[in-house]
Enquirer: 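Mind looking over this structure? Questions follow.
By convention in this document, chain letters (A, B, ...) are assigned in the order of the sequence lines, proteins followed by strands, and residues within each chain are numbered from 1.
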There are 2 protein chains.
Amino acid sequence: MNITIYDVAREANVSMATVSRVVNGNPNVKPATRKKVLNTIERLGYRPNAVARGLASKKTTTVGVIIPDISSIFFSELARGIDDIATMYKYNIILSNSDQNKDKELRLINTMFEKQVDGLVYMGANISEEHVQQLKTSPVPVALAATIDSSETIPSVNIDYEQAAYEATSLLIENGTKHPIYVSGQETSAVNEKKYAGYVKAIKESNKEVNEDYIISAEFSYESGIEAANQIINIKDYPTGIFVATDEMALGVIHGLQDNGVNVPEDVEVVGFDNTRLATMVRPTLSTVVQPMYDIGAVAMRLLTKFMNKENVEEQNVVLPHQIVKRNSTK
Amino acid sequence: MNITIYDVAREANVSMATVSRVVNGNPNVKPATRKKVLNTIERLGYRPNAVARGLASKKTTTVGVIIPDISSIFFSELARGIDDIATMYKYNIILSNSDQNKDKELRLINTMFEKQVDGLVYMGANISEEHVQQLKTSPVPVALAATIDSSETIPSVNIDYEQAAYEATSLLIENGTKHPIYVSGQETSAVNEKKYAGYVKAIKESNKEVNEDYIISAEFSYESGIEAANQIINIKDYPTGIFVATDEMALGVIHGLQDNGVNVPEDVEVVGFDNTRLATMVRPTLSTVVQPMYDIGAVAMRLLTKFMNKENVEEQNVVLPHQIVKRNSTK
DNA sequence: CTGAAAGCGCTAACAC
DNA sequence: GTGTTAGCGCTTTCAG
């Protein structure tokens with residue numbers, strides 16, 4: 001049997017309440033008895049049981065984190081931001097991968113609630129009606145990180161994807177491409193729709209009709225970026241500017257192009273999205289939209305702490321600034 | 001107030017014990033009453049409280065995972081393996097980043113115990129005496145993943161780093177480099193020592209003395225790989241084969257070489273270590289040692305489940321097979 | 001097959 | 001300042 005608060009109380013000749021007080025840093029304890037208790041805690045090697053504490057106090061100092069895939073270079077960065085701020089506020093995180101699978105997502109949310117998390121950070125491309133329903137009836141605060149709920153009814157932290165995509169596309173246009181190609185992820189998600197909208201906006205603004213042939217749907221992977229490049233070079237008189245929805249795909253596009261003897265940026269310019277660490281790990285280095293993943297995670301977690309502390313929050317749908325870094329994949 | 005097992009019992013006209021039985025799938029319940037209970041659970045929207053359950057049963061179905069840095073492309077892959085198997089066995093993971101900081105590591109271990117995890121997967125370069133002490137007196141099973149404890153006293157899952165490094169170096173030697181360069185990580189860890197030992201073994205076996213000038217200590221980052229390359233080309237008559245301790249550094253080395261007009265593999269051959277996804281995301285693609293990160297995580301978690309179930313395990317220090325993939329950074 | 005009752009280890013009033 | 005006493009919501013004997 002493990003040693004409990006009761007054992008400490010007995011050994012120190014005080015009540016459990018007093019022990020509890022010193023363990024919790026309650027100031028209403030005479031320094032002398034505090035010291036005495038601390039000593040016997042040390043001597044006995046007492047370690048508070050967080051589960052019992054959680055049951056009694058209804059606080060677990062644990063938050064749930066539902067993430068599509070922790071092995072993704074994009075999401076793992078977000079997760080790091082979340083954990084760092086969680087740690088700062090004395091929370092631990094229960095992390096679960098959802099693979100963007102709706103059933104799994106819904107199940108995980110429920111599991112988190114069963115585990116009595118004090119809050120939940122949720123990431124996932126598709127926020128369905130069911131998701132909103134489940135999240136809105138949550139017993140604890142929820143924050144979305146890098147994920148958009150069209151109803152705007154759940155607190156969230158994002159960047160302005162549409163504007164970012166608009167700027168990226170515009171850069172290509174300014175550099176001389178009349179109608180840049182867009183290599184998009186194929187899954188339907190609010191984020192993707194916004195990126196697409198931004199792309200379209202830039203095209204239209206330059207008085208062009210959107211040419212569907214210049215929109216290539218890929219799978220969000222490096223390999224599918226290579227495939228996209230192969231498709232592109234088969235387009236007659238293909239445009240010399242390509243906007244790619246993620247850095248990883250963009251690397252694939254660049255290498256696919258190079259493998260076909262096309263030079264970047266001399267022959268074709270490429271702009272990515274995210275600014276993952278990959279962007280500087282290619283030759284040429286990748287011009288891309290900076291999405292501050294770490295910060296999004298950190299801010300989402302920070303937002304959550306405010307809700308958990310019942311602090312006042314002015315804006316519950318935070319939009320973080322983005323920017324475009326020009327590196328060597330554009331002229 | 002939330003709805004409890006007691007509410008369900010009252011509404012269903014049974015005892016809490018019976019409700020508990022159906023919730024836990026205990027077969028000793030008449031189908032009719034099971035159904036009745038299930039219905040009222042559904043109707044009331046009852047959701048079991050895992051914390052209360054944990055306190056009563058002394059099982060939390062949660063395991064702790066201490067990881068150096070989840071945003072690392074290497075460790076995030078391990079984490080994914082861990083979580084997948086954890087999920088398979090109905091466990092959730094509490095994930096915490098240690099940054100390889102000893103104090104933080106020790107503190108995290110303790111936190112995990114306070115949270116009453118049923119087991120712990122630990123990753124970290126340096127297993128000190130204190131670590132061993134704390135881990136050996138753990139109230140729950142522990143498994144090390146991709147981390148070596150020299151005392152071999154704690155269950156672990158690894159590959160044979162020395163042999164792998166030996167093979168990688170030998171490949172370079174076979175390809176014609178008399179004395180390959182080794183770009184190592186500078187932190188002292190058991191894993192690093194083994195890699196170094198393997199390198200040395202290969203050099204000595206080819207009847208050479210180890211030339212300290214050919215051992216370059218870098219920082220495990222892409223950037224320091226580039227720096228290492230810059231150092232290398234300043235070596236007079238530098239060797240034409242380089243073994244690099246991680247893929248990320250290897251990418252840096254390759255790009256650093258290319259930036260200086262050195263062609264890979266024509267002028268210099270490079271072999272990496274790990275086979276992270278980066279290895280196929282460079283040109284030339286990287287020849288490297290395959291370390292099955294995902295599997296290491298998965299097997300470590302599987303091992304842990306065996307301990308938690310008090311199953312019998314034959315070998316508690318698992319060594320997974322490695323291999324070398326030859327891609328285009330070697331001839 | 002079902003119920004009663006005793007905790008699990010701690011917090012949180014409430015007294016004193 | 002400190003102690004007493006209820007619970008928190010559930011599992012788990014032990015009866016029957």
Enquirer: Heavy-atom count around B/Lys194 NZ within 6.0 Å, excluding the residue itself: above 12?
Expert: no

Enquirer: Tell me the interatomic distance from B/Asn13, atom CG, to C/dC1, atom C1', rounded to whole angstroms.
Expert: 16 Å

Enquirer: Phosphate oxygens OP1/OP2 of C/dG9: is one of them under 4.0 Å from a side-chain N or O of B/Lys58?
Expert: yes

Enquirer: Rounded to whole angstrom units, what separation is found between the CZ atom of B/Arg10 and the P atom of D/dG9?
Expert: 13 Å

Enquirer: For D/dG9, does OP1 or OP2 lie under 4.0 Å from any side-chain N or O of B/Arg53?
Expert: no

Enquirer: Identify the heavy atoms of B/Ala86 and B/Met301 that sit nearest to each other, and give their distance.
Expert: N-CG, 3.6 Å

Enquirer: Report the distance from atom CD of A/Gln116 to atom P of C/dC10, rounded to the nearest whole Å.
Expert: 19 Å

Enquirer: Rounded to whole angstroms, how far apart are NZ on A/Lys59 and C1' on C/dG9?
Expert: 19 Å

Enquirer: I need the NZ-P distance between B/Lys115 and C/dC10, as an integer number of Å.
Expert: 15 Å

Enquirer: Please find the pair of heavy atoms, one from B/Met123 and one from B/Ala145, that lie closest to each other, and give the distance.
Expert: CG-O, 3.1 Å

Enquirer: Can you check whether B/Thr60's main-chain N or O pairs, donor with acceptor, with B/Gln116's side chain at less than 3.5 Å?
Expert: no

Enquirer: Using a distance-only test with no angle check, is there a side-chain donor-acceptor pair under 3.5 angstrom linking B/Asn317 and B/Ser156?
Expert: yes

Enquirer: Determine the minimum heavy-atom distance between A/Gly124 and A/Glu105, stating which atoms define it.
Expert: CA-OE2, 4.2 Å

Enquirer: Restricting both atoms to N or O, compile the protein contacts to nucleotides 4-7 of chain C shorter than 3.5 Å, with distance only.
Expert:
none

Enquirer: What closest approach, in Å, do A/Pro48 and A/Arg53 show between heavy atoms, and which atom pair accounts for it?
Expert: CB-NH2, 3.1 Å

Enquirer: Using Watson-Crick and G-U wobble pairs with both distances under 3.5 Å, what is the 5'-to-3' dot-bracket string of DNA chain C, with [ ] for crossing pairs and | for pairs outside the strand?
Expert: ||||||||||||||||

Enquirer: Could you report the tightest heavy-atom contact between B/Leu144 and B/Leu135, atom names first, then the distance?
Expert: CD2-CD2, 4.4 Å

Enquirer: Indicate, with a heavy-atom threshold strictly under 4.0 Å, whether A/Val14 touches base, sugar-phosphate, or nothing.
Expert: sugar-phosphate

Enquirer: State, to 0.1 Å, how close A/Asn126 and A/His131 come at their nearest heavy-atom pair, and which atoms those are.
Expert: O-CE1, 3.4 Å

Enquirer: From CD of B/Glu114 over to P of C/dG9, roughly how many Å is that when rounded to an integer?
Expert: 15 Å

Enquirer: Does either side chain, that of B/Thr62 or that of B/Lys115, offer a donor lying less than 3.5 Å from an acceptor on the other one?
Expert: no

Enquirer: For B/Arg34 and B/Leu55, find the nucleotide of DNA chain C closest to each by heavy atoms; which residue's nucleotide sits nearer the 5' end?
Expert: B/Arg34

Enquirer: Would you kindly give the CD1-to-C1' distance between A/Ile5 and C/dT11, to the nearest whole Å?
Expert: 8 Å

Enquirer: Taking CD in B/Glu129 as the centre, count heavy atoms belonging to other residues, nucleotides or ligands within less than 6.0 Å. Is the count above 12?
Expert: no

Enquirer: If you take any heavy atom closer than 4.0 Å to DNA chain C, which residues from residues 42-52 of chain A end up in contact?
Expert: A/Tyr46, A/Pro48, A/Asn49, A/Ala52

Enquirer: Using a cut-off of strictly less than 4.0 Å, decide whether B/Asn24 has a side-chain nitrogen or oxygen near OP1 or OP2 of D/dT11.
Expert: yes

Enquirer: Please check the phosphate of D/dT11 (OP1 and OP2 only) for any side-chain N or O of B/Ser20 closer than 4.0 Å.
Expert: yes

Enquirer: Write down the distance between CG (A/Asn26) and P (C/dC10), rounded to a whole number of angstrom.
Expert: 16 Å

Enquirer: Check whether any side-chain nitrogen or oxygen of B/Thr33 sits under 4.0 Å from OP1 or OP2 of C/dT2, and answer yes or no.
Expert: yes

Enquirer: Passes salt bridge (Lys or Arg N to Asp or Glu O under 4.0 Å), B/Arg302 versus B/Asp295? Steps please.
Expert: CA-CA 10 Å; B/Arg302 177 65 185 104; B/Asp295 294 348; over 6 Å; no

